[in-house]
Amino acid sequence: MNGSSSTPVFRRRILLSSLAGLAVAGGVSAYELHRANRPPHKQPDGRYRKLTIAWPHATTAPVLAVAYQKDFFARYSLELETAGDFLDGSEALEHGKATYAVAPALTWLPRLHAGLSASLVLGIQPGVFRLLVRRGSGVTRLDQLMNRPVGVPDLNAADKLFFAIMMRRKGINAMSGVNWKTLPAEELLGASQRKELDAVVAHDPLAWQLLNQSDGLFAELVSSNTGHYADRTNLILGVSNSAFEEDPDAATALTLALRDAAKWTNTHRSEAATLVADDTPTMTPDNVLAMLNSEPTIRPVTGHALREQMAQYCDELQLISLLPETESAADLAKTYTRNVLRG
């Protein structure tokens, strides 16, 4: 490149560097300068709305309990009604039982690719998947689970998919090589005690209860609560595209309410534990708090950050052949996400 053609680029770099330097000198960082120049978050119109949301295991969901009982929904003029007790919220949306739903990213994305007309708008909190091995089974490594009986509450659940991806990265085909046993949640403990299962994959609160309230029957082999998985969102709010087109402000209001509730839950875990325990007879506030304290930071995710994380999930689902390898993970994520906080 000759000198004359590079001069404008060079000048722009000097100008940007100078502005950043002036901002720092004035007590404002370059990051804050960038934030100040971004458009503000879109705000809803304040109109009262009654919405239906599908949320799996709603009675034990801390962010939902906080949103209800600390009036985060009311702040945005929302009245929320939960749909029936679905194992996966995206299934309820698929069958028209709700227009808003919460589900794990790993189950949302294959359904969206199969044609579900919806968009992902908010990552509410990270995953809390645990792979528990029965003490005495001899299993101390992931590869030792090949051809072993492993219990799972739902064969298509994100719990199974998460560990299948983790094992695939180690060269293990868990989708076909593990002897997956689908059992109702309440039967997993008994089957393990009878030595019919060598391991269980589940998510909290079930996984935490099996680990901590079964007289030492289980040991945790791996989980999503450490390393880079702990920084990744899992439970995702999705909205049907028809509902968004009909009333985009409703999606904005619900996203803001759950975002604020998630932030509050993370910094007030003790009080959140009490709210959850009120609706969970099998767990005391101390039990729930111990569980929450064992889990990653609750960090809501929207916009570009959500799209990037969904691209990571798309890439991983391609590893286990649940999304086609021929398509760009980044393009898929862009198609399936929507930023409802920007005008």
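Quick note: residue numbers are just sequence positions, from 1.
Listed for the Thr267 side chain is a donor-acceptor partner under 3.5 Å among the backbone atoms of Lys263. Using modelled atom types, one side-chain atom of Ser224 and one backbone atom of Phe129 make a donor-acceptor pair closer than 3.5 Å. Distance alone, capped at 3.5 Å, is enough to place a donor-acceptor pair between the Gln144 side chain and the Arg141 backbone. A donor-acceptor contact shorter than 3.5 Å is absent between the side chain of Thr52 and the backbone of Ala98. Here the side chain of Asp315 pairs no donor or acceptor atom with the backbone of Gln312 at under 3.5 angstrom. Side-chain atoms of Trp108 come within 3.5 Å of backbone atoms of Ile236 as a donor-acceptor pair (strictly under, hydrogens ignored).
Ion pairing between a basic and an acidic side chain is recognised when a charged N comes within 4.0 Å of a carboxylate O; Arg75 and Asp260 show no such pairing. For Arg168 and Glu316, the salt-bridge test fails: no basic side-chain N is under 4.0 Å from an acidic carboxylate O. Residues Asp247 and Arg49 are paired through a salt bridge, judged by an N-O separation under 4.0 Å between the basic side chain and the carboxylate. Of the charged side-chain nitrogens involved, at least one lies within less than 4.0 Å of a carboxylate oxygen, so that Glu94 and Arg111 count as a salt-bridged pair.
The neighbour count for Glu246 CD, taken as heavy atoms of other residues, nucleotides or ligands under 6.0 Å away, does not exceed 12.
The two residues Ala103 and Ser90 make their nearest non-hydrogen contact at CB-N, 3.7 Å.
Stacking of Arg232 on the aromatic ring of Tyr229 is not recorded, the 6.0 Å distance cut-off and the 45° axial limit not both being met. Taking the ring axis of Phe244 as reference, the NZ or CZ atom of Arg338 stays within 45° of it and closer than 6.0 Å to the ring centre.
In the hydrophobic clustering of this structure, Leu275 does not group with Ile298; members are Ile, Leu, Val, Met, Phe, Trp, Tyr whose side-chain heavy atoms approach within less than 4.5 Å, directly or through other members. A single hydrophobic cluster is seen to contain both Ile124 and Leu256, as judged by linkage of ILVMFWY side chains at heavy-atom distances under 4.5 Å, directly or through other members.
Side-chain contact of Thr233 with Gln125: a donor-acceptor pair under 3.5 Å is absent, judged by distance alone. Under 3.5 Å, the side chains of Asn225 and Ser294 contain no donor-acceptor pair of N or O atoms. Side-chain contact annotation: Ser176 with Asn173, donor-acceptor N/O pair under 3.5 Å present. When only modelled atom types and interatomic distance are considered, His304 and Glu308 share a side-chain donor-acceptor pair under 3.5 Å.
Between Gln213 atom CD and Leu189 atom CG the span is 10.5 Å, to the nearest 0.5 Å.
Among pairs with a residue in residues 270-288, those fulfilling salt bridge (charged side-chain N to carboxylate O under 4.0 Å, His left out) read Lys70-Glu271, at least two apart in sequence or across chains.
Relative orientation of the His203 and His57 rings is tilted, given thresholds of 30° and 60° on the angle between their planes.
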